[in-house]
Amino acid sequence: MLTAGRLRPTISSMNPLNELRFAVSDRINDAEVGPRHVPLSLLGDFQKDVSEFLRGSTRDVDPAEVLVSVDEGSLALVASGLMAATTLWADLERLQSLGSLNLIDPKRAAVVERWQTSARQNPHRKYRVADMTAARISLSVDVSTDFRRVEEVWVTVEKYVHGKVMDLGGKTKPNVHLEMSDGTVLKVSTTQKLLAQEEQNRLYRSALLHISAEENLLTGALRNPVLLAFEAHQPAYDEAEFQQMVRRGTAAWSDVPDAAEWLEGLRGGRA
């Protein structure tokens with residue numbers, strides 16, 4: 001079973017973590033595995049797995065720049081300098097669900113699968129990833145865990161997406177690059193005809209796009225987005241409109257000398 005249910009939905013909302021403890025425990029020749037008693041092959045494989053798990057595909061962690069110390073007890077490596085490893089922390093959050101391997105970085109998923117296979121072949125073997133207090137992150141892989149990939153389901157949808165147009169156009173494959181509020185850029189296919197009929201300059205400005213796309217029912221991710229139209233968009237707050245409302249209100253109350261007294265009169269007067 002997955003023994004770590006303590007990981008909260010958003011680590012980023014707390015004080016950022018900077019260290020992770022990777023540990024492997026086992027019994028070999030009736031002795032507990034530790035820094036002074038470990039097969040060379042297990043040591044090499046574990047070091048390689050830790051390095052790959054930290055680095056991932058996006059390489060937001062450079063193992064060459066991570067400081068590692070060896071902990072007492074089981075064979076444990078403590079990695080520090082991980083505060084900026086955003087995808088690492090996001091993947092650790094997702095690993096709280098057993099059906100999450102297709103939701104995390106593929107290289108990290110491959111490490112978890114190797115650990116799970118190894119644990120099933122060696123019933124005493126157990127892998128663990130945790131913060132130094134195990135209060136916020138505590139992930140275990142052993143003979144009983146069943147991490148797996150869940151089949152992805154994509155459905156065709158129409159959506160409205162808002163962001164800032166960073167680029168648009170193209171000779172053979174015209175598209176719009178829309179920067180979303182989280183900093184990601186959505187590349188939306190379009191046609192030269194649709195872009196040519198736009199009278200408003202959209203570049204480097206906020207825009208509301210009506211698109212069709214395929215949406216992942218599990219993650220909400222979008223793929224193959226196609227622009228249907230630019231929609232009229234007004235910010236939630238319009239200073240000119242607000243000032244106009246103030247002027248209208250002032251004019252409507254101009255013949256009331258004391259608004260508070262007038263309101264009390266409507267209520268039936270003071271008790």
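Numbering of residues begins at 1 and proceeds along the displayed sequence. Note that the structure is predicted; figures quoted are calculated from it, not measured.
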In Å and rounded to the nearest 0.5 Å, what is the CD to NZ distance from Glu179 to Lys164? 7.0 Å
For Val24 and Val33, which heavy atoms make the closest approach, and how far apart are they? O-CG1, 4.4 Å
For the residue pair Tyr127 / Ser25, report whether a side-chain donor-acceptor contact shorter than 3.5 Å exists. no
CG of Leu139 to CG of Asp91: how many Å apart, nearest 0.5 Å? 11.0 Å
Could you go step by step and tell me if Arg114 and Asp49 meet the salt bridge (charged side-chain N to carboxylate O under 4.0 Å, His left out) rule? CA-CA 9 Å; Arg114 284 201 298 272; Asp49 285 342; 2.8 Å; yes
Shortest non-hydrogen contact from Leu222 to Ala213? CD2-CB, 4.3 Å
Once you round to the nearest 0.5 Å, how far does CG of Leu208 lie from CD of Glu231? 6.0 Å
Is there a path of hydrophobic side-chain contacts, each under 4.5 Å between heavy atoms of I, L, V, M, F, W or Y residues, that connects Leu194 with Val165? yes
Separation between CZ (Arg148) and CG (Leu101), nearest 0.5 Å, reads 9.0 Å
Student check: side-chain heavy atoms of Leu88 and Leu20 closer than 4.5 Å: yes
Are Ser100 and Arg94 close enough that a side-chain donor and a side-chain acceptor fall under 3.5 Å? no
Using the rule that two of Ile, Leu, Val, Met, Phe, Trp, Tyr join whenever any of their side-chain heavy atoms come within less than 4.5 Å, decide whether Leu103 and Leu217 are in one cluster. no
Please state whether the rings of Phe22 and Trp115 are parallel, tilted or perpendicular, taking 30° and 60° as the class boundaries. perpendicular
Let's go through Val150 and Asn102 carefully: what are the C-alpha distance in whole Å and the side-chain angles of both, what is the deciding distance for side-chain contact (heavy atoms from CB on, under 4.5 Å) to 0.1 Å, and is it a yes or a no? CA-CA 7 Å; Val150 176; Asn102 56 322; 4.3 Å; yes
With sequence neighbours left out, the residues meeting ring-ring contact (aromatic ring centres under 6.0 Å, His included) with His124 are none
Under 4.0 Å between a side-chain nitrogen and a carboxylate oxygen: does that hold for Glu52 and Lys107? no
As a quick check of understanding, evaluate side chain to side chain donor-acceptor pair (under 3.5 Å) for Ser140 and Asp142, giving each step before the final call. CA-CA 7 Å; Ser140 294; Asp142 57 36; 5.7 Å; no
Are Leu168 and Met166 in one and the same hydrophobic cluster, where Ile, Leu, Val, Met, Phe, Trp and Tyr link if side-chain heavy atoms are under 4.5 Å apart? yes
Should Trp154 and Arg223 count as side-chain neighbours, where that means a heavy-atom distance under 4.5 Å? yes
What pairs of residues pass the side-chain hydrogen bond (donor to acceptor under 3.5 Å, both in side chains) test when at least one of them lies in residues 192-201, not counting sequence neighbours? Glu198-Arg202
Passes side-chain contact (heavy atoms from CB on, under 4.5 Å), Val143 versus Gln121? Steps please. CA-CA 8 Å; Val143 67; Gln121 295 171 347; over 6 Å; no
Is the count of non-hydrogen atoms from other residues, nucleotides or ligands lying under 6.0 Å from Arg149 atom CZ greater than 12? yes
Cluster link Tyr204 to Leu227, ILVMFWY, side chain under 4.5 Å: yes
Taking all atoms of both residues into account, what is the closest heavy-atom pair of Asp105 and Gly56, and its distance? OD1-CA, 3.6 Å
Mind checking the OH-CG spacing from Tyr160 to Leu209? Nearest 0.5 Å is all I need. 11.0 Å
When rounded to the nearest 0.5 angstrom, what distance separates CG in Asn175 from OG1 in Thr190? 8.5 Å
Steps toward side-chain contact (heavy atoms from CB on, under 4.5 Å) verdict (Asp26, Lys126): CA-CA 7 Å; Asp26 200 350; Lys126 182 176 181 179; over 6 Å; no
Looking only at heavy atoms, which two atoms of Val61 and Leu54 are closest? And how far apart? CB-O, 3.2 Å
In this structure, are over 12 heavy atoms from other groups packed under 6.0 Å from Arg36 atom CZ? no
Please answer whether the main-chain N or O of Ser80 pairs with a side-chain N or O of Asn18 as donor and acceptor at a distance below 3.5 Å. no
Would a distance-only check, ignoring hydrogens and angles, find a side-chain to backbone donor-acceptor pair under 3.5 Å from Ser51 to Gln47? no
Check: Gln116/Thr145 side-chain N/O donor and acceptor closer than 3.5 Å: yes
Same cluster or not: are Leu186 and Val226 linked, directly or through other Ile, Leu, Val, Met, Phe, Trp or Tyr residues, by side-chain heavy atoms under 4.5 angstrom apart? no
Where do Pro39 and Ile28 come nearest, in terms of heavy atoms and distance? CG-CD1, 3.3 Å
4.5 Å side-chain heavy-atom contact, Val38 and Phe46: no
Locate the shortest heavy-atom distance separating Leu95 from Phe53; write the atom from each residue and the value. CD1-CZ, 4.1 Å
Would you say CG of Asn29 has more than 12 non-hydrogen atoms from neighbouring residues, nucleotides or ligands within 6.0 angstrom? no
Side-chain heavy-atom pair His162, Met180 within 4.5 angstrom cut-off: no
Can His37 and Glu32 be said to form a side chain to side chain donor-acceptor pair (under 3.5 Å), step by step? CA-CA 7 Å; His37 179 76; Glu32 295 289 341; over 6 Å; no
For Leu43 and Leu75, run side-chain contact (heavy atoms from CB on, under 4.5 Å): C-alpha distance rounded to whole Å, both residues' side-chain angles, the deciding distance at 0.1 Å, then the answer. CA-CA 8 Å; Leu43 175 62; Leu75 178 61; 4.0 Å; yes
